[in-house]
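Heads up: the structure comes next, in structure tokens.
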Amino acid sequence: MSQEITHIATPTPPNYDDLLVGLNPQQVEAVQTIYGSLLVLAGAGTGKTKVLTSRIANIIAQGSARSWEILSVTFTNKAAREMNERIGVLIGSETGLSWAGTFHSICAKILRRHAELVGLQSSNFTILNNDDQERLLKQILEADNVDVKKNPAKLLLAIIDGWKNKALLPENLTAGDIPDLYNGKAADYYLRYQNRLRTLNAVDFGDLLLLCITLFRKFPEILTDYHRRFKFISVDEYQDTNVAQYLWLRLLAQGHGNICCVGDDDQSIYAWRGAEVGNILKFEKDFNNAKIIRLEQNYRSTPTILRAASEVIAHNSDRLGKTLFSELADDDKITITSHWDGDEEARLMVDKIEDLQKFDSIPLNNMAILVRTSGQMRVIEEKLITCAVPYRVIGGLKFYERQEIRDAMAYLRLVAQPYDDLAFERIINKPKRGLGDAALNIVHQHAKGDQIDYRMALFTASQDILLHDILKPRPRKALKDFIMMMERWQKVAPTMPLHELVEMILEESGYTDMLRLDKSPEAVGRLENLKELVRATQDFENLQGFLEHISLITDTATVTSNQTVTIMTLHGAKGLEFECVFLPGWEDGLFPSQRSMDETGQAGLEEERRLAYVGITRAKKKLFISFAQNRRLYNQWQTTVPSRFIDEIPEDVCNIVNRAYFSKAKHKAENHNMDYLNSNQVETAGWKRAQNQYLNQRTKMLDVPKRSPKTLHVYKVGDTISHNKFGDGIIISVEGERLLIQFDGNIFKNIMVDFVTPKDF
DNA sequence: CGTGCTCACCTTTTT
DNA sequence: GGTGAGCACG
């Protein structure tokens with residue numbers, strides 16, 4: 001197994017002295033502590049990545065291990081890639097480490113080698129995403145005549161994921177683990193789900209970890225092999241590990257005990273997906289003779305920003321405690337702005353962005369807008385578009401989650417993996433080929449026989465059906481064509497260049513034709529996306545590798561040098577920094593999220609506070625926090641209260657703009673008895689009525705229609721225009737939807753039409 | 001079998 | 001504002 005790795009040319013060893021240049025004493029100590037177990041408690045902006053990468057380079061410089069003998073684990077692909085690039089630079093090798101990646105990708109890599117040993121049919125197993133998981137569970141529930149409306153599959157998925165995060169297999173569940181839901185049958189469904197996964201030759205994210213642990217426990221000789229292979233282990237974002245990941249690490253570190261974990265308990269924001277802050281809190285107990293080093297000097301933010309962050313986080317109880325300090329020059333105070341509604345908030349934010357760019361010469365890619373939920377992004381995007389400010393969204397709707405891409409992927413999956421029933425179902429009638437629910441039901445029946453569990457894959461069942469006289473002539477022909485088409489692709493797939501294969505499949509299946517005939521405006525974009533997919537496949541040797549890449553990838557955002565503002569969720573912003581950061585939507589209920597507090601109470605609130613801490617500490621120089629007094633959610637208005645986190649920011653480090661709104665909102669909140677914040681406790685019908693009344697009131701008050709009218713204006717050169725920022729102007733040219741407008745002698749390009757209104761309107 | 005309509009529900013956060 | 005489910009109809 002090691003031949004494939006050892007052929008990499010031995011890199012030039014890094015110069016040991018260079019590694020320590022510019023490091024403070026704590027950082028030096030961390031870099032020099034190579035052996036044994038080490039926990040580096042690294043506050044935000046304290047040079048964590050620098051220490052991690054230098055430490056690994058140091059191990060190599062000392063000759064203690066070579067680049068393929070070090071395991072480096074992170075949580076996101078992006079972090080893994082960046083880390084490995086930096087290590088590569090330090091150790092003078094383009095490839096960096098051979099074993100650097102996310103928990104999941106490394107587990108997948110290990111499992112591919114030993115798939116058969118842990119009950120998988122072959123090493124080309126499919127990795128399912130959330131969507132697939134949910135559909136599978138839904139089928140299982142429906143097969144048991146459960147009303148999926150009352151007992152959503154999503155909830156069951158959350159429960160099962162929770163078990164998997166705790167490394168609990170169906171047979172290990174105790175009565176206390178099983179919730180009083182689904183007639184107490186949740187554990188049965190878990191077992192059935194696992195069985196179904198195995199027949200599909202599929203794993204989910206949790207399985208990647210679990211099966212790896214099972215493998216190590218069942219086959220000690222394999223574990224020993226990996227002990228020999230990984231002489232050193234390095235873990236980033238340790239505060240985000242769950243029980244399964246912790247067990248996995250412990251197993252791997254058992255041999256030599258050389259493990260270094262870096263983390264910050266104040267930045268633990270993934271409890272909802274099983275992260276145990278406890279892991280970092282009890283590190284000393286878990287690993288023998290553990291050494292703890294604290295990094296407390298912050299090199300990122302001004303003292304003002306740091307102060308705000310520290311004061312907010314100080315309200316939390318469960319902390320290891322650190323005192324961050326910064327020696328950077330201090331200038332701006334934090335700006336806290338109150339707005340009437342989300343629209344205004346977004347508009348003024350964009351105004352500010354333009355000003356910062358124009359007057360403070362801050363490049364756009366040094367600015368970020370960090371939101372709590374991706375739903376907040378749309379309004380902001382709209383305003384950015386109208387003002388022609390270039391932006392990029394990270395997270396949100398992902399490329400690989402789009403319909404057409406998932407359809408195309410389903411074709412590919414079925415070619416690679418005939419057992420993949422989920423893929424089969426997805427594309428059996430897409431494009432339409434006369435195989436609707438009726439036909440699909442027959443295939444399902446045939447695959448099941450009279451049993452509850454499936455005895456064969458839908459694909460196999462279809463082949464079988466064609467051998468017998470079961471279907472009527474028309475669907476029979478349709479199914480036959482489909483199966484024969486798939487079989488043909490399966491045959492040629494191994495020998496054909498991947499991108500040609502993909503193109504052929506999309507053409508021959510009629511999928512692209514379906515889109516070409518589709519006259520709806522989104523069809524064009526879909527075709528573009530498919531082209532993009534084909535382009536993406538060119539980087540891959542075979543179907544197998546491509547599918548694995550896709551199923552583990554999340555961050556499609558490539559680091560561009562483009563001048564764009566970044567919009568993303570607070571969760572997505574971890575590990576990043578920007579000169580200016582905007583934190584909109586700081587309203588109780590939205591942030592801190594009401595749901596989080598309802599579900600986990602104080603613990604939920606504390607996690608939200610850590611999220612606030614993460615948000616604040618992303619800013620290097622300028623920080624803007626804002627909230628809206630009224631916000632529209634699902635097309636309905638809600639009154640809101642400023643976030644309690646705003647109150648926790650000391651007054652001497654911030655300026656409050658629109659103090660009138662600010663206090664009015666607070667006052668309103670007190671008089672409303674905060675009923676709306678406890679909406680889940682209010683009888684639904686009554687609540688809706690109250691909301692509608694409020695909406696009507698608002699509508700009358702502001703004299704705005706509930707839905708903005710979609711009037712189409714014809715703009716002509718010479719028309720007078722009014723613009724809410726620049727006043728009156730004259731249109732100089734019209735190009736499609738974009739206008740060239742002159743205001744007071746200044747010419748503005750690319751103004752979108754819905755940003756201006758004709759004078760007489 | 002396919003399509004086009006209305007309606008309810010929806011939004012945390014991600015590997 | 002978007003989507004999936006359910007239903008009526010061709």
Side-chain angles (χ1 to χ4, degrees), chain A residues 73-80 101-108 127-131 133-135 138 148-149 152 154 157-158 161 164-165 203-209 237 240-242 244-245 268-275 370-379 381-382 394-398 400-401 403 429-441 472 474-475 478 522 550-555 568-574 585 589-600 604 607-608 610-612 614-615 631-636 638 684 688 706-708 710:
Chain A
V73 205
T74 55
F75 273 84
T76 64
N77 293 297
K78 202 165 115 221
T102 62
F103 277 99
H104 295 92
S105 67
I106 287 170
C107 283
I127 301 171
L128 298 188
N129 64 9
N130 273 6
D131 225 52
Q133 290 177 287
E134 206 182 311
R135 286 217 321 250
K138 203 170 156 197
V148 222
K149 272 256 161 73
K154 218 185 186 113
L157 177 60
D161 265 346
K164 291 194 170 183
N165 288 335
V203 299
D204 60 21
F205 286 123
D207 278 349
L208 288 172
L209 259 310
E237 309 277 14
D240 289 334
T241 47
N242 60 33
Q245 286 156 340
S268 163
I269 52 174
Y270 286 106
W272 50 272
R273 72 170 197 216
L370 310 180
V371 294
R372 174 69 243 264
T373 71
S374 34
Q376 291 168 255
M377 290 178 176
R378 210 194 60 245
V379 199
E381 276 187 72
E382 279 169 12
I394 297 183
L397 52 131
K398 286 162 214 133
Y400 291 104
E401 278 169 19
Q403 262 185 53
N429 204 24
K430 216 172 204 179
K432 305 245 179 321
R433 40 174 80 89
L435 295 166
D437 289 348
L440 186 60
N441 262 336
K472 287 184 186 139
R474 224 164 59 187
E522 56 266 25
I550 295 313
S551 48
L552 291 175
I553 200 171
T554 44
D555 47 308
M568 60 179 135
T569 63
L570 285 163
H571 284 87
K574 195 148 74 149
L590 180 62
F591 186 51
S593 145
Q594 187 57 42
R595 199 161 149 191
S596 167
M597 295 188 294
D598 286 345
E599 278 166 14
T600 42
E607 172 141 327
E608 296 286 308
R610 289 192 290 269
L611 208 44
V614 169
R631 194 173 288 276
R632 201 158 59 156
L633 288 172
Y634 331 125
N635 228 9
Q636 300 230 280
Q638 284 195 349
T684 316
K688 279 210 167 134
K706 285 186 196 178
R707 282 167 184 280
S708 54
K710 298 233 158 113

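Reminder, nothing fancy here: chain letters follow the sequence lines and each chain counts from 1.
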Inset, instruction - Compare the minimum distances between each of dT15(B), dA5(C), dT13(B) and the side chain of K138(A), then state the nucleotide with the smallest one. - result: dA5(C)

Inset, instruction - Name the residue closer to the 5' end of DNA chain B, choosing between L611(A) and L440(A) according to the nucleotide with the nearest heavy atom. - result: L440(A)

Legend entry - Aromatic plane relationship, H571(A) with W272(A) - under 30° parallel, 30 to 60° tilted, over 60° perpendicular: perpendicular

Inset, instruction - Quick one: label F103(A) by what it contacts on the DNA or RNA (base, sugar-phosphate, nothing), any heavy atom closer than 4.0 Å. - result: nothing

Inset, instruction - Could you check D204(A) against K164(A) for side-chain contact (heavy atoms from CB on, under 4.5 Å), going step by step and ending with a plain yes or no? - result: CA-CA 10 Å; D204(A) 60 21; K164(A) 291 194 170 183; 2.6 Å; yes

Legend entry - Close side-chain approach of Q376(A) and T569(A), heavy atoms under 4.5 Å: no

Inset, instruction - Report the distance from atom CD1 of I394(A) to atom P of dT15(B), rounded to the nearest whole Å. - result: 12 Å

Inset, instruction - Mind checking N129(A) for me? I need base, sugar-phosphate or nothing, with any heavy atom below 4.0 Å counting as a touch. - result: nothing

Inset, instruction - For N130(A) and dT13(B), give me the distance from atom CG to atom C1', rounded to whole Å. - result: 12 Å

Inset, instruction - Look at the side chain of R378(A) and decide which nucleotide, out of dT15(B), dT13(B), dG1(C), has an atom nearest to it. - result: dG1(C)

Inset, instruction - May I ask you to say whether R610(A) pairs ionically with E607(A), meaning some side-chain N is under 4.0 Å from a carboxylate O? - result: yes

Inset, instruction - Using a heavy-atom cut-off of under 4.0 Å over every strand shown, decide if S596(A) touches base, sugar-phosphate, or nothing. - result: base

Inset, instruction - Figure out the CD/P separation between Q376(A) and dG1(C), and round it to whole Å. - result: 18 Å

Legend entry - From CA spacing to verdict: salt bridge (Lys or Arg N to Asp or Glu O under 4.0 Å), D161(A), R273(A): CA-CA 8 Å; D161(A) 265 346; R273(A) 72 170 197 216; over 6 Å; no

Inset, instruction - Would you mind classifying the nucleic acid contact of F205(A) as base, sugar-phosphate or nothing, using non-hydrogen atoms under 4.0 angstrom? - result: base

Legend entry - From CA spacing to verdict: side-chain contact (heavy atoms from CB on, under 4.5 Å), K574(A), D240(A): CA-CA 12 Å; K574(A) 195 148 74 149; D240(A) 289 334; 2.5 Å; yes

Inset, instruction - Take atom CD of E134(A) and atom P of dT3(C), then tell me their distance rounded to the nearest Å. - result: 16 Å

Legend entry - Phosphate OP1/OP2 of dT14(B) contacted by T76(A) side-chain N/O (<4.0 Å): no

Inset, instruction - Find the distance D207(A):CG to dT15(B):P and express it as a whole number of Å. - result: 18 Å

Inset, instruction - Could you check how far CG of L209(A) sits from P of dT14(B), rounded to whole Å? - result: 19 Å

Inset, instruction - Nearest whole angstrom, please: distance from the C1' of dT13(B) to the CD of E608(A). - result: 8 Å

Might you list the N or O atoms of the protein lying below 3.5 Å from N or O atoms in nucleotides 2-4 of chain B, with each pair's distance?
unit_1, atom_1, unit_2, atom_2, d
dG2(B), OP1, G434(A), N, 3.3
dG2(B), OP2, N429(A), ND2, 3.3

Inset, instruction - State the CZ-CD distance between F103(A) and E237(A), to the nearest 0.5 angstrom. - result: 10.5 Å

Inset, instruction - Take V614(A) and L570(A) through the test side-chain contact (heavy atoms from CB on, under 4.5 Å) and record every step on the way to the result. - result: CA-CA 7 Å; V614(A) 169; L570(A) 285 163; 5.7 Å; no

Inset, instruction - Go through dT14(B), dT11(B), dC1(B) for me and flag the one nearest to the A439(A) side chain. - result: dC1(B)

Legend entry - Under 5.5 Å and under 30°: W272(A) stacked on dT13(B): yes

Legend entry - S593(A) side-chain N/O to dT13(B) phosphate OP1/OP2 under 4.0 Å: no

Inset, instruction - Give the rounded distance in Å between these two atoms: CE of M568(A) and P of dT14(B). - result: 11 Å

